[in-house]
Amino acid sequence: MEKAKKNRKWRREYMTLLMRDRENQKIGKIFGAISMGKDLGLSEEEIIMRLRAKFDLTEEQARTYLKEAE
């Protein structure tokens, strides 16, 4: 374990994987929120507004996720 802690390459790879995993979790939550919004009958504008507020997205990012969810 100590050897792994001191190996910069391994630490960098681990941190990269950790950051990617966290980003993928966030994306999964965004798509889940879109699905729920659609199930509740919310308008696209309402879904976009909620995505922006909950996930700190720009309008363009929110619209892109919404379009990808179709």
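Given the structure is predicted, the values throughout are model-derived calculations rather than measurements.
- Note: the hydrophobic cluster containing Met36 does not contain Met49 (ILVMFWY, side chain heavy atoms under 4.5 Å, direct or indirect links).
- With sequence neighbours left out, the side chain to side chain contact (heavy atoms under 4.5 Å, CB included) criterion links Ala33 to Leu51, Phe55.
- To the nearest 0.5 Å, the span separating CZ on Arg12 from CG on Asn7 amounts to 9.0 Å.
- The side chain to side chain donor-acceptor pair (under 3.5 Å) analysis of residues 21-35, with sequence neighbours excluded, yields no pairs.
- A 4.5 Å side-chain heavy-atom check between Leu57 and Ile30 finds at least one atom pair inside the cut-off.
- A search for ring pair (Phe, Tyr, Trp, His ring centres under 6.0 Å) contacts involving Phe31 returns Tyr65, not counting sequence neighbours.
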Using atom types as modelled, flag every donor-acceptor pair under 3.5 Å from a side chain in residues 37-45 to any protein atom, sequence neighbours excluded.
residue: Ser43; atom: OG; partner: Glu46; partner atom: N; Å: 3.1
residue: Glu45; atom: OE1; partner: Arg63; partner atom: NH2; Å: 3.1
residue: Glu45; atom: OE2; partner: Arg63; partner atom: NH1; Å: 3.3
residue: Glu45; atom: OE2; partner: Arg63; partner atom: NH2; Å: 2.9

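- In this structure, CD1 on Ile27 lies 8.0 Å from CD on Glu68, to the nearest 0.5 angstrom.
- For Thr16, there are no side chain to side chain donor-acceptor pair (under 3.5 Å) partners at least two apart in sequence or on another chain.
- Residues satisfying the side chain to side chain donor-acceptor pair (under 3.5 Å) criterion with Gln61, sequence neighbours excluded, are Thr58.
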